[in-house]
Amino acid sequence: MRCAEVDPYIEAFVDGRLDASRASVIEAHVRSCVRCAARVRAAGRIARALAAGPRVQAPHGFAHRVMDVVYREALAGGPGAAQSVERPLRLPARVYRRLGLSCVLTAGVLAISLFIPRAAYSTLAGARITGAAFSQESEVAVKSALDGADNAVRGILRERVKEGSIK
Amino acid sequence: MPGSGNLQRLTDAELTDRVRAGETRLFAELVQRYQDPVFAMAQRFVGAPGDAEDLAQEAFLRAYRGLEGFKGDAKFSTWLYRITWNLCADWKRKHGGPRKETTALDTAGDFADTRVDLEADLLDGEERARVRRALEGLDERYRSVVTLLYYEKMSYDQIAAVLDVPLKTVETRLYRARKILRVALEATEKEGKRGGR
């Protein structure tokens, strides 16, 4: 194998990621080639320098803190339940526009009914109906009064006739 | 967490199925399995441990909430790392980069953890610092693949899934990133020799 053919495989060779047959071919070339052997040594130094990084561990109690939140979500109704409760219901914009218009109209009707005087309202609502009712009632009252008066006079006249005062 | 011994035998797929079926407590096992790499990824982005914990917690909560829609066509770990990566990218867009606390993380690397390969104990700490400085200077596209491969110990397939790019793109970016790092490392070595170190 030539150096140009070996070059793309050197990193994988150093990482131990080549299959056995290809690895043995590369190894045979590296043993006999000073340049490629230097390449393998350099790649190995880089790999070891990076792999020798500090072992980082999660803080003490990390798993318990995670499960604390997980259990709270599970009790609230399953994964994401806490999130769904916090998320507000969103309706289409046209619904909000119609709702607003209805509120404005209702407020207007209420304002009109509260602030217009009752007499004016009565006039506006139908004075004709009220006048007709009044004349009808008064007619009945007058008639009753006349009937009553008429009966009273007739009674007196009958008595006087009986007495002989009136012939 | 009680009963974790038996739970360790369950696969991620079995755990996610049972959490979806209502066994919420089993999600704790998934948190314990992946809390370290998720927190580590978050801290590399944001710097401050407090912010990293908030971000890591949010990643797990999003995974829990999204379990109903998780079809299992990818590994749970890959899906979780992708959620974390996207959160980190959003955080970076909002805040512009990690806070000063990352310097503590960088210098901590010079004191290699005993769980790392023994060979790492023999490495020159200055060389590690040089490589990391070169890494910081990389374009984001190249730095992300290198970070996920070496720091998060992901496979090429996982990196492709997390970054949502084809596998070939991952291979190409890694090749170019390492080439840039190698050139940068050689350049700083020459400068060091010229300076008479």
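Here is how names work: the chains are called A, B, and so on, in the same order as the sequence lines, proteins then strands, and each is numbered from 1.
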Q) For B:L135, is it the side chain, the backbone, both or neither that has a heavy atom under 4.5 Å from a heavy atom of chain A? A) side chain

Q. Given a strict heavy-atom distance threshold of 4.5 Å, which part of B:L149 is in contact with chain A: side chain, backbone, both, or neither?
A. side chain

Q: Report the C-alpha distance between B:D36 and A:V56 in whole Å, list the side-chain angles of each, state the deciding distance to 0.1 Å, and finish with yes or no for side chain to side chain contact (heavy atoms under 4.5 Å, CB included).
A: CA-CA 6 Å; B:D36 288 346; A:V56 178; over 6 Å; no

Q) With a 4.5 angstrom heavy-atom cut-off, which part of B:V38 approaches chain A: side chain, backbone, both or neither? A) neither

Q | chain B contact residues among residues 9-17 of chain A, heavy-atom distance under 4.5 Å | A | A:E11, A:A12, A:D15, A:R17

Q) Can you hop from A:V40 to B:L174 via hydrophobic side chains spaced under 4.5 Å? A) no

(Q) Tell me whether A:V69 shares a hydrophobic cluster with B:L55, the cluster being built from Ile, Leu, Val, Met, Phe, Trp, Tyr side chains joined at under 4.5 Å. (A) yes

Q | Smallest separation among heavy atoms of A:P8 and B:Y175, with atom names | A | CA-CE1, 4.1 Å

(Q) Hydrophobic cluster membership, with links at side-chain heavy-atom distances under 4.5 Å among I/L/V/M/F/W/Y: are B:V165 and B:I83 in one? (A) yes

Q: Identify, with sequence neighbours excluded, every residue that meets side-chain hydrogen bond (donor to acceptor under 3.5 Å, both in side chains) alongside A:R41.
A: none

Q: Find the distance between CD1 (A:I46) and NZ (B:K179) and round it off to the nearest 0.5 Å.
A: 12.5 Å

Q) Tell me, side chain or backbone of B:F60 under 4.5 Å from chain A's heavy atoms, or both, or neither? A) side chain

Q: Look up atom CE in A:M67 and atom CD in B:Q57, then write down how far apart they are to the nearest 0.5 Å.
A: 11.5 Å

Q) Side-chain heavy atoms under 4.5 angstrom apart, residues restricted to Ile, Leu, Val, Met, Phe, Trp, Tyr: same cluster for B:L80 and B:W91? A) yes

(Q) Is B:L61 in contact with chain A via its backbone, its side chain, both, or neither, using a 4.5 Å heavy-atom distance? (A) side chain

Q) Of the listed residues (B:R178, B:Q35, B:R62, B:E53), which shares the most heavy-atom pairs with chain A below a 4.5 Å separation? A) B:R178

Q) In the single-linkage hydrophobic clustering (I, L, V, M, F, W, Y; side-chain heavy atoms under 4.5 Å), do B:Y151 and B:L163 co-cluster? A) yes

